[in-house]
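Start at 1 with the first residue, then count along the sequence.
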Amino acid sequence: AAQSPTTLESKLEALQCHFTWDLDPGRSKLFRLRDKLEDIGTEEGNSWLGHIYNLRGFIQYKLGFTKDAQSLFSRAAEAFRQMRNTDEGPWLVVNYGNLAWLHHHLGEQAESQAYLLKVDALMNEYPSPSQDELHPEIYAEKAWTLMKFSADKKLLAADYFERAIRMQPDMVEWHTSHMLALVRPFNYSNNELEDNILEKMRIAKEQDPESLYLAVHYLEQCAKKGERIEDEARELGRKV
């Protein structure tokens with residue numbers, strides 16, 4: 001049976017996805033972000049590829065390109081399937097939420113409802129390990145998205161990554177991005193990082209040796225503390 005518009009609206013509002021995360025910058029910021037995300041690249045090994053396509057889809061929607069948005073949301077789902085080697089999982093909750101909203105805005109309420117049911121099914125099958133919190137996959141995507149959108153949301157993003165990692169500690173890329181969210185505000189000031197954060201950065205860097213970005217930030221912070229970093233910097237220069 002078709003749901004009344006108010007019931008459908010309230011269910012859409014309750015979703016965790018880009019359409020409900022208060023991501024509303026001006027058009028010029030959206031264009032800049034779109035170009036930046038295209039530059040990040042779409043190589044198969046990028047562990048954030050699904051998240052990149054999800055965010056690009058949302059940006060295209062905000063800019064008025066709904067066909068592009070739908071295509072990018074589909075590519076996001078495909079990227080998640082390839083990365084996770086399985087057809088479905090909790091990492092698709094945000095993607096299906098985006099598609100529910102997109103179909104709703106296009107006036108396709110039956111399709112919107114179908115995606116709402118898919119979200120319900122996923123959340124029943126993969127409940128959050130912590131009853132009062134979002135699923136770690138949702139926290140991680142929300143955190144990554146906030147980091148891309150706004151500098152003043154970096155600490156909130158770090159908090160979401162922390163929650164995700166507490167429930168699911170084996171995701172190396174979450175640790176890396178968590179450290180980047182914590183460190184970035186310090187890169188533009190003369191303040192030094194606390195020793196415990198620097199130590200966490202060192203551990204994250206060892207767990208994710210492929211992340212040259214994290215390695216650069218780590219050396220910057222060590223230099224601020226007066227440590228000698230010439231050898232490490234030379235080594236890093238050879239990798240870049």
Side-chain angles (χ1 to χ4, degrees), residues 3 6-25 30 33 37 47-62 69-70 72-81 83-84 86-106 108-109 111-150 152-168 171 173-174 177-178 181:
Q3 295 183 11
T6 48
T7 316
L8 189 64
E9 282 278 356
S10 62
K11 288 196 167 182
L12 287 165
E13 291 289 351
L15 291 173
Q16 284 289 336
C17 66
H18 294 71
F19 288 81
T20 61
W21 288 343
D22 295 328
L23 308 172
D24 206 15
L30 287 169
L33 191 51
L37 287 169
S47 49
W48 296 104
L49 194 51
H51 306 75
I52 290 169
Y53 281 135
N54 259 343
L55 181 49
R56 282 179 61 191
F58 176 71
I59 290 169
Q60 290 299 82
Y61 164 75
K62 293 291 277 186
Q70 197 159 352
L72 286 159
F73 288 148
S74 297
R75 285 164 80 179
E78 187 50 43
F80 279 121
R81 287 184 188 111
M83 288 299 302
R84 309 301 178 116
T86 180
D87 276 349
E88 282 206 327
W91 46 84
L92 286 175
V93 167
V94 173
N95 180 257
Y96 287 171
N98 285 340
L99 283 160
W101 269 101
L102 183 66
H103 285 295
H104 171 64
H105 284 309
L106 293 173
E108 299 163 355
Q109 305 311 341
E111 287 88 343
S112 178
Q113 241 172 274
Y115 276 105
L116 281 171
L117 290 172
K118 285 185 170 199
V119 170
D120 283 345
L122 282 180
M123 290 178 79
N124 286 330
E125 195 172 339
Y126 307 99
S128 172
S130 174
Q131 203 178 348
D132 303 328
E133 296 188 288
L134 300 177
H135 193 284
E137 292 281 355
I138 298 174
Y139 272 135
E141 181 153 10
K142 193 171 187 176
W144 182 89
T145 303
L146 290 178
M147 275 178 73
K148 291 285 170 282
F149 247 86
S150 148
D152 59 358
K153 298 238 171 85
K154 292 279 193 310
L155 290 178
L156 182 59
D159 177 56
Y160 289 153
F161 270 126
E162 214 161 279
R163 292 169 191 230
I165 289 163
R166 195 171 63 239
M167 290 184 267
Q168 204 170 310
M171 300 293 281
E173 64 269 24
W174 294 2
S177 289
H178 175 221

Heavy-atom side-chain proximity of H103 to Q113 below 4.5 angstrom = no

Is the centre of the H178 ring less than 6.0 Å from the centre of the Y160 ring?
-> no

Find the distance between CG (L134) and CZ (R163) and round it off to the nearest 0.5 Å.
-> 8.0 Å

Please examine the side chains of M167 and S128, heavy atoms only from C-beta on, and report whether any two atoms are closer than 4.5 Å.
-> yes

Compare all side-chain heavy atoms of Q70 with those of L106 and state whether any distance is below 4.5 angstrom.
-> yes

Heavy-atom distance under 4.5 Å between the side chains of L92 and F80, does that happen here?
-> yes

Roughly how far, to the nearest 0.5 Å, is CG of L72 from CG of L55?
-> 10.0 Å

Run the numbers on K153 and M147 for side chain to side chain contact (heavy atoms under 4.5 Å, CB included), then give the verdict.
-> CA-CA 6 Å; K153 298 238 171 85; M147 275 178 73; over 6 Å; no

Please work out whether the ring planes of H18 and W21 are parallel, tilted or perpendicular, with thresholds of 30° and 60°.
-> tilted

Is there side-chain contact between K62 and D24, with heavy atoms separated by less than 4.5 Å?
-> yes

If you measure from CD on E137 to OH on Y126, what distance do you get to the nearest 0.5 Å?
-> 11.0 Å

Minimum-distance pair of heavy atoms, taken over all atoms of G57 and A69 | O-CB, 3.2 Å

Look up atom NE2 in H51 and atom NZ in K148, then write down how far apart they are to the nearest 0.5 Å.
-> 11.0 Å

More than 12 non-hydrogen atoms from neighbouring residues, nucleotides or ligands closer than 6.0 Å to CG on D22, yes or no?
-> no

For the pair Y115 and Y96, name the ring-plane relationship: parallel under 30°, tilted 30 to 60°, perpendicular over 60°.
-> tilted

Are side-chain heavy atoms of V93 and H135 found at a separation under 4.5 Å?
-> no

With a 4.5 Å heavy-atom cut-off, do P25 and L30 have their side chains touching?
-> yes

For the pair F161 and W48, name the ring-plane relationship: parallel under 30°, tilted 30 to 60°, perpendicular over 60°.
-> perpendicular

So do W91 and L122 actually touch side chain to side chain, heavy atoms under 4.5 Å?
-> no

Near M171 CE, under 6.0 Å, is it more than 12 heavy atoms from other residues, nucleotides or ligands?
-> yes

Determine whether the aromatic ring centres of F73 and Y61 lie less than 6.0 Å apart.
-> no

To the nearest 0.5 Å, tell me how far S177 OG sits from I165 CD1.
-> 8.5 Å

Just by distance, do the side chain of S112 and the backbone of E108 share a donor-acceptor pair under 3.5 Å?
-> no

With distance as the sole criterion, is a donor-acceptor pair present between the side chains of H104 and Q109 under 3.5 Å?
-> yes

How close do A164 and P136 get, heavy atom to heavy atom, and via which atoms?
-> CB-O, 3.5 Å

About how many Å separate CG of L99 and CG of L15, when rounded to the nearest 0.5 Å?
-> 11.0 Å

Heavy-atom pair with the smallest gap, counting every atom of C17 and W101 | SG-CD1, 3.4 Å

